[in-house]
Structure formats: C-alpha cells, structure tokens
Amino acid sequence: MAPNARPAGARTRGTGGPTLAVVGATGAVGAVLIDLLSTRRDVYGEIRLVASPRSVGRTLPLRGADVEVEPLAPEVFDGVDIAMFGVPDAVAARWVPVATDRGAVAVDNSGAFRMAPDVPLVVPEVNPERVRRRPRGIVASPSCTTLSMIMVLGVLHRRYGLRELVVSSYQAASGVGLEGVDTLYEQMEKVGGDRALGNRAGDLRCAVGEFGPFPAPLAMNVVPWAGEVRDGGWSSEELKIREESRKVLGLRDLRVTATCVRVPVVTAHSLSVHAVFEDRVDQREAQAVLAGSPGVVLCDNPETQEFPTPADVVGTDPAWVGRVRRSLDDPRALDLFLCGDNLRNGAALNTAQIAELVAAELTP
C-alpha cells in the first residue's frame, strides 16, 4: 500500500481542519467536486462522501484513497462543519435544512435557495463578503449559465457601472444532466454520416426519434429553449439569468433580457452579451481590465481569429472571454463572447471556493 493510502471504506482525514460532507458525490457535479478536492489545497480534516441509498457500497477515489460512499441520512451530518450539496432542487430543499439543523454550514449548488432573501448568493471573485451573512446557515451558488458570465460582468461593473444586459446563451447538453448527454450522443449516432439529413423540413425529427429532455432534435440543430415554462413565454433559465445577476451584483433594478438556446455541445456553455454601462467604455482598457482579473482569461485576437469556444475551454476552471468590442451605436456599451465549463466553472468550482471561504472562517 502507498504511504498515504487508506483502505477502501475509510473516510479521509486531513490536517485537522473542518469536517466536510460532499452530498451528491456520485453525480456529475459531485465527480468534479471530488476532483477539485483532490487537486486544490487541503483545508479539511475528515471528508465524507454522501449519496442516495442506491449508491451505498460504492467507493470513489479521493486523495489516494478509495472512500466508501455513505447513504444520505440525518446522522451523516453529525459532526460535519460544512456540507457541499451537488444535488437536484427537490433533494436540496429536503436535506439542506437537515444539515444546518445539525450544525453544518450548507453550500448549495441547486436552485432551491438561491432567491431566498435570507440566503446569500455568492461568487467569491465578485461578492465574497456575503459569505459571512448567512442567518439560515446556507450559502447558495448561482446557476451554471449565470456563473459562466458573472465574473466577467462583475469586473466590468466595478470599472464602468453596469446598467443593462442583453444576453443570448448557447447551453450544452450536460446542462440537463446525464440524460441530456446520453440523448445527444444517441442522436449523433443516428444521424452521423447521413449527408442527406438536414436538407428537408422534419427529416431530423424522423431520424432521431426520441428527443429526450429537449423539445426538438439537438444533433445538427439548435433549440431556442432551456428550462421550464414561465409566464409571458419566458423560460426558467432566462429568468434565472435575470434574477441571479441582479442578486450577485447587488443591482435590484438591473435591466436584463435573456434568450436561452440549447446547442449540440456536450459540456461548456457560451454566451453573447451586450452590456450597457453608466460610463463610457474603452475597448483596450476593458480588455486590459479583464486580462488582469482573477478567474478570467482573455482570448481575443481578431487578426488570428483566436477566441474562446466550448471545445477549447471544457475541463478548465476560468471564465473565458473574447470578441470584446465597443458598440458601434452606443459609447457606453460593450459586446462580448463568453465561455465556461458548466460543470466545473459553472457549478463545482464556485461551490468549492465558497466552502473554502467558510473553512477559513471556521479554522482557528
């Protein structure tokens, strides 16, 4: 056995920091959280991996050990200081209060508590001070689409004063979970190599058969819908961008219009953003501000046509930004193109960073 290895079934024990529980450890976000815990600075003592009872008996690799997954039950939170939740909304709504009742600070990646007025919605690069203001013991993380852009907008807001956003998102199949990824691959297998497809209305619908979680074929197509139906023809994803951006930036009256589109990309969301500010903007200055900002990578060279794409940013931590242009019709507006890995940058990383802020607060 390697010097630092532990037998299968053991919990990990670090340097004596806070005890951490990762709830939803076997899910898509949970897998990235475990990877981050294995590669980022060790700030925890004991780490517990938690999932639904059907995952009992599984082991997952964490920091050189095979760690047994524990079933989600009230007693799993006994002695836990911080609980990171990477689970669906309904599961979080039920179990986050259980964790906080047993003394843990809950860092929740779901949408269950994001818009609650007494729950801070935190992006550490933008509003880290709000972590300490958590009357319910809960800190929420924004949705993956908002997170893909908010670090960039937060930086520009500090410099120019944000007033209005017009956003079009191009969201990956993994945004709806494993079912979305599986559906996309299945559809691509059905249409791959058939050069006759895509030339007649309805031929893709017949070729792919089942649409899975999408309202139309995703392979060889774009679908102008993501989320659930809301009043006025808006989708829940579009309203998330509006309300979460306002809350994170502390701008209750920020004007936001969003159109969410699902695209045939496995992982990494993209957004086209038209941002209007209080002050006049300068293209080169804005690029310099972005290039010097933590968590942001500027990739913007029209001459060589270098700019971020989902295929280039997937698996990376930063928010990537390019195509930075001052509006031709408004000297106070910038147009940008953004990309971020929706499972990493847009979910797990922010959750892990919030938990690290809480860990620093709890560590003597």
Could you tell me whether [X] and [Y] make a salt bridge, using a distance below 4.0 angstrom between a side-chain N and a carboxylate O?
X	Y	answer
K240	E238	no
D78	R102	yes
E70	R58	no
E285	R159	yes
R325	D335	no
K247	E244	no
R114	E243	no

Measuring only between side-chain heavy atoms, which start at C-beta, is [X] closer than 4.5 Å to [Y]?
X	Y	result
V50	V69	no
T59	V67	no
R48	V22	no
S110	F85	no
V229	S235	no
E125	Q353	yes
P294	M151	no
R134	V105	yes

May I have all residue pairs that pass salt bridge (Lys or Arg N to Asp or Glu O under 4.0 Å) and include part of residues 251-264, sequence neighbours excluded? E164-R255
Kindly state each residue pair satisfying salt bridge (Lys or Arg N to Asp or Glu O under 4.0 Å) with at least one member in residues 341-351, sequence neighbours excluded. D35-R344, D317-R344
Co-members of the apolar cluster containing V313 [side chain, <4.5 Å]: V297, W320
Give me the other members of the hydrophobic cluster that V166 sits in, counting Ile, Leu, Val, Met, Phe, Trp and Tyr linked by side-chain heavy atoms under 4.5 Å, directly or via other members. none
Can you tell me if [X] uses its side chain to pair, donor with acceptor, with the backbone of [Y] under 3.5 Å?
X	Y	value
D203	R200	yes
R280	R332	no
N199	R195	yes
D89	G111	yes
T100	P97	yes
T363	A359	yes
R130	L121	no
D300	R323	yes
R230	S236	no

Would one find more than 12 heavy atoms of other residues, nucleotides or ligands at under 6.0 Å from atom CD of E129? yes
Counting only heavy atoms not in R158, do more than 12 fall under 6.0 Å of its CZ? yes
Ring geometry between F77 and W95 (parallel below 30°, tilted from 30 to 60°, perpendicular above 60°): tilted
What closest approach, in Å, do [X] and [Y] show between heavy atoms, and which atom pair accounts for it?
X	Y	answer
T26	S55	OG1-OG, 3.4 Å
S141	N350	OG-ND2, 2.8 Å
R40	R63	O-NH2, 3.9 Å
I34	P61	CG2-O, 3.3 Å
V266	A172	O-CB, 3.4 Å
Y44	A355	OH-CB, 3.3 Å

Indicate whether the side chain of [X] and that of [Y] have a donor and an acceptor atom separated by less than 3.5 Å.
X	Y	value
D329	S327	no
E306	T304	yes
S174	N342	yes

Look up atom [atom1] in [X] and atom [atom2] in [Y], then write down how far apart they are to the nearest 0.5 Å.
X	Y	atom1	atom2	result
N127	R133	CG	CZ	8.5 Å
S272	Y170	OG	OH	5.0 Å
I47	L37	CD1	CG	5.0 Å
D312	T309	CG	OG1	3.5 Å
S143	N109	OG	CG	9.5 Å
S148	N345	OG	CG	5.5 Å

In this structure, would [X] and [Y] fall into the same cluster of hydrophobic residues linked by side-chain contacts under 4.5 Å?
X	Y	answer
V181	V263	no
V248	L336	yes
L357	V107	yes
V119	V91	yes
V321	V126	yes

Donor-acceptor contacts under 3.5 Å from residues 206-227 side chains, at least two apart:
| unit_1 | atom_1 | unit_2 | atom_2 | d |
| --- | --- | --- | --- | --- |
| N221 | ND2 | P217 | O | 2.8 |
| W225 | NE1 | G227 | O | 2.9 |

Apply the test side chain to side chain donor-acceptor pair (under 3.5 Å) to residues S169 and Q171: give CA-CA distance (whole Å), side-chain angles for both, the deciding distance (0.1 Å), then the verdict. CA-CA 6 Å; S169 71; Q171 296 178 217; 2.7 Å; yes
Looking at residues at least two apart in the chain, or sitting in another chain, which of them share a ring-ring contact (aromatic ring centres under 6.0 Å, His included) with Y160? F277
V139 and its side chain to side chain contact (heavy atoms under 4.5 Å, CB included) partner, picked from I82, T351, I354: I354
